[in-house]
Amino acid sequence: MQPARAPFRRSSAPWFLLLPAFLVMAYAFVLPMLVFFRYSVYTYERGKLIDEFSLDTYREFLTDPYFHTIIFDTLKVASITTLCSVLVGYPLAYALWRVKSAAAKRWLGLIIFSPILVSVVVRSYGWTVLLADQGPINWFLQMVLGFPEPIRLVFNLTGVVISLTHVFLPFVVFPIYSTMTRLDPTLREAAMDLGAGWWTTFRRVTFPLTLPGLLAGAQICFTLSLGAFVTPSLLGGGRVIVLPLQVFTATSDINWPLAAVGGIALLILAMLTVILSNRLLRFSEV
Amino acid sequence: MLTRARRLPHYRYILLGMFAVAGAIYVVAPLAVVVLNSFSSVAYSVFPPEGYSLRWYVNLFEQQDFYLAAVRSVVLALIATAIAMTVGTMAAYSIVRYRRPWANLVKASLLSPIVLPNIVLGVAVFMFFIRTGAYGTYFSLVVTHVVVILPFVTAVLTAALANYDWSLQEAAMDLGAGPLRTFFKITMPQISVSIIISSLFAFVISFDQVETTLFLVRAGDNTLPIEMFLYLQKWQDPTIAALSSVLIAFALVIVVVLSLVMRNKDLEATLLQQDRETDK
């Protein structure tokens with residue numbers, strides 16, 4: 001190595017290594033997003049796009065009750081899914097953490113996490129079969145529990161939420177389990193030595209210390225649910241219209257301004273979720 | 001605590017155990033029912049099945065569309081993963097190794113697409129490629145997939161490199177190895193678990209990508225998930241169940257191979273360590 005050239009090489013090497021990543025990001029992320037924002041202020045008239053500045057699409061989106069319903073449904077689906085995922089995911093993570101036998105731990109972990117490897121299309125399809133009027137669940141309800149007629153579980157909000165919870169469960173269990181393994185065992189022992197029962201120990205020690213993991217999992221689940229497209233379109237049966245479906249439909253109808261505004265609404269919701277939960281996270285760690 | 005539990009399994013342990021079993025059933029049920037349904041003898045889904053046959057598998061193997069779509073998906077995912085791994089490793093190395101003041105900003109900007117719902121990215125690249133005339137090219141599809149998986153790869157690899165003992169690298173360089181040789185011979189083996197994990201996830205995310213691909217492929221060039229998604233919107237016959245069972249079998253093979261390959265390495269510890277690092 002020639003000493004005279006070394007300083008130059010040292011200062012340019014980090015940038016040279018970053019260059020490909022920046023090029024890819026600029027070409028397929030930054031520029032497309034700029035074009036996307038640009039189209040949100042285009043004029044759309046009788047099936048044609050006109051390059052004229054207008055805020056009509058935003059106005060329409062914010063005042064039309066149809067879009068209010070869509071935004072409300074999107075938030076409803078995401079909230080219920082997050083709630084269900086946390087209610088199922090926290091005890092599962094707890095069981096995974098507390099189980100003593102190594103084999104049981106490995107199997108439970110494998111069962112919880114391997115569905116990530118299976119396509120969302122396959123898993124959503126599985127739920128349409130499972131929840132169908134003539135499917136196993138309704139068979140069980142009618143034959144074993146004696147329900148007079150099948151309960152409509154699919155092609156409505158119920159089916160979408162059950163399936164989305166299944167899809168996002170690993171993403172909720174993982175951060176919770178991760179905070180649990182990080183927990184200092186002496187804290188729990190100290191609490192028990194000082195006479196606290198298991199419930200008090202859980203409530204005053206374990207739960208508060210794993211709250212950051214729970215919030216992180218909830219944030220991931222909420223953001224992913226907001227953007228879910230495959231599951232609502234396969235299990236919603238056209239009755240559950242969420243923002244991603246609206247964006248897709250508007251794009252197919254060549255109403256690009258409407259697609260762009262819907263996408264921006266989705267993006268704002270996702271960013272608000274992240275900001276809000278980061279605030280909560282900081283609060284929960286103090 | 002331990003002794004008390006052994007003496008008398010407290011009801012809360014029994015409840016927790018029952019919950020874990022119920023949770024496991026909930027996770028496995030939709031996959032199990034798909035496999036069961038694929039052996040059905042009738043075209044409609046009914047439980048319990050009215051009879052068993054292999055006709056849907058026969059039907060599946062007669063449909064060339066699915067086969068071609070699967071090949072396209074594998075090729076696309078392999079190319080996108082290879083590019084993202086190369087680009088992502090270079091970026092992660094730069095961020096961790098040189099520790100410049102801008103490192104955190106660069107990392108945050110490379111991870112920023114994670115917040116973006118994929119469908120928004122899909123529509124945005126669709127509009128952009130139509131506008132620039134790149135729509136329909138294979139390049140546009142590959143580069144979009146790279147953008148989707150790059151944040152995950154970068155996150156895992158920066159975490160792995162941050163935990164890597166850099167004095168090893170210095171030792172190798174001092175002994176006269178060039179930077180590339182040092183990287184491939186010394187650094188890479190040390191972070192091999194993270195490399196395997198991140199490329200596996202990158203492959204799976206790319207292979208299963210629906211939201212972005214949907215806008216970028218022309219009717220005859222569908223990838224497998226798109227082909228399945230569109231098929232399901234028209235028909236619901238168990239051909240899809242047979243195809244899904246094949247995919248589930250592949251996922252099982254991946255799990256088995258991975259657990260064999262990683263037998264000597266503490267996979268769980270690696271994953272948790274990564275999570276810890278990315279929290280910071």
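Chain letters run A, B, ... following the sequence lines, proteins first, then strands; residues in each count from 1.
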Quiz item: Given that the side chain runs from C-beta out, which part of A/Ile111 has a heavy atom under 4.5 Å from chain B: side chain, backbone, both or neither?
Solution: both

Quiz item: Measuring heavy-atom distances to chain B, does A/Ile116 have an atom under 4.5 Å in its side chain, in its backbone, in both, or in neither?
Solution: both

Quiz item: Listed by chain and number, what are the ring-ring contact (aromatic ring centres under 6.0 Å, His included) partners of B/Phe19, not counting sequence neighbours?
Solution: none

Practice problem: Sequence neighbours left out, what passes ring-ring contact (aromatic ring centres under 6.0 Å, His included) with B/Tyr135? Give chain and number order. | Solution: B/Phe126

Working to the nearest 0.5 angstrom, can you tell me the gap between [X] [atom1] and [Y] [atom2]?
| X | Y | atom1 | atom2 | result |
| --- | --- | --- | --- | --- |
| A/Leu17 | B/Thr89 | CG | OG1 | 10.5 Å |
| A/Ile220 | B/Ile114 | CD1 | CD1 | 9.0 Å |
| B/Leu224 | A/Ser119 | CG | OG | 8.0 Å |
| A/Arg38 | B/Arg131 | CZ | CZ | 6.5 Å |
| B/Leu116 | A/Thr223 | CG | OG1 | 12.0 Å |

Can you confirm whether [X] sits close enough to [Y] that some side-chain heavy atom of one is under 4.5 Å from a side-chain heavy atom of the other?
| X | Y | answer |
| --- | --- | --- |
| A/Leu267 | B/Pro117 | yes |
| A/Val120 | B/Val210 | no |
| A/Leu117 | B/Phe250 | no |
| B/Met127 | A/Pro32 | no |
| A/Phe229 | B/Phe229 | yes |
| B/Glu211 | A/Phe248 | no |
| B/Ser109 | A/Met25 | no |
| B/Val120 | A/Val247 | no |

Chain B contacts, top residue of [options] (heavy-atom pairs, under 4.5 Å):
| options | answer |
| --- | --- |
| A/Ala259, A/Ser163, A/Pro20, A/Pro170 | A/Pro20 |
| A/Pro91, A/Gly109, A/Ala104, A/Gly89 | A/Pro91 |
| A/Ile112, A/Ile162, A/Val274 | A/Ile162 |
| A/Phe37, A/Tyr94, A/Tyr39 | A/Tyr39 |
| A/Thr165, A/Thr273, A/Leu23 | A/Thr165 |

Hey, which of [options] has the most heavy atom pairs under 4.5 Å with chain A?
| options | result |
| --- | --- |
| B/Leu247, B/Leu232, B/Val255 | B/Leu232 |
| B/Val204, B/Val27, B/Val34, B/Val87 | B/Val27 |
| B/Ala24, B/Gly23, B/Ser245 | B/Ala24 |
| B/Val35, B/Leu214, B/Asn118 | B/Leu214 |
| B/Thr144, B/Val123, B/Val21, B/Val148 | B/Val123 |
| B/Leu31, B/Leu110, B/Ile248, B/Val28 | B/Leu110 |

Other residues, nucleotides, ligands: >12 heavy atoms within 6.0 Å of [X] [atom1]:
| X | atom1 | answer |
| --- | --- | --- |
| A/Trp107 | CH2 | no |
| B/Met173 | CE | yes |
| A/Ile254 | CD1 | no |

Quiz prompt | Inter-chain contacts: residues 132-139 of chain A against chain B, heavy atoms under 4.5 Å | solution = A/Gln134, A/Gly135, A/Pro136, A/Trp139

Quiz item: Is the gap between the ring centers of B/Phe128 and A/Phe29 under 6.0 Å?
Solution: no

Counting only non-hydrogen atoms closer than 4.5 Å, does [X] touch chain A with its backbone (N, CA, C, O), its side chain (CB onward), both, or neither?
| X | answer |
| --- | --- |
| B/Ile226 | neither |
| B/Phe129 | side chain |
| B/Ala241 | both |

State, to 0.1 Å, how close [X] and [Y] come at their nearest heavy-atom pair, and which atoms those are.
| X | Y | result |
| --- | --- | --- |
| A/Val122 | B/Met228 | CG2-CE, 3.7 Å |
| B/Leu121 | A/Ala28 | CD1-O, 3.7 Å |
| B/Ala251 | A/Val118 | CB-CG2, 3.9 Å |
| B/Ile119 | A/Gly227 | CG2-O, 4.4 Å |
| A/Leu130 | B/Pro30 | CD2-N, 3.9 Å |

Exercise. Evaluate side chain to side chain contact (heavy atoms under 4.5 Å, CB included) for B/Gln233 paired with A/Ser233, printing each intermediate quantity in order.
Key: CA-CA 9 Å; B/Gln233 304 216 305; A/Ser233 47; 4.2 Å; yes

Quiz prompt | Listed partners of A/Thr128 passing side-chain contact (heavy atoms from CB on, under 4.5 Å), at least two apart | solution = A/Tyr125, A/Val154, A/Leu235, B/Gln236

Quiz item: When you look at B/Phe139 and A/Tyr27, which way does the side chain to side chain contact (heavy atoms under 4.5 Å, CB included) test go after all the steps?
Solution: CA-CA 11 Å; B/Phe139 174 75; A/Tyr27 182 68; 3.5 Å; yes

Quiz prompt | Test side chain to side chain contact (heavy atoms under 4.5 Å, CB included) applied to B/Tyr13 and A/Arg98, step by step | solution = CA-CA 9 Å; B/Tyr13 286 109; A/Arg98 298 299 294 152; 3.9 Å; yes

Quiz item: When the ring planes of A/His166 and B/Tyr26 are compared, do they come out parallel, tilted or perpendicular, using 30° and 60° as the limits?
Solution: perpendicular

Quiz item: Aromatic rings B/Tyr11 and A/Trp198: how do their planes relate, parallel, tilted or perpendicular, breaks at 30° and 60°?
Solution: perpendicular

Quiz item: Can you list the steps and then say if B/Phe215 with A/Trp256 is a ring-ring contact (aromatic ring centres under 6.0 Å, His included)?
Solution: CA-CA 13 Å; B/Phe215 293 102; A/Trp256 287 7; over 10 Å; no

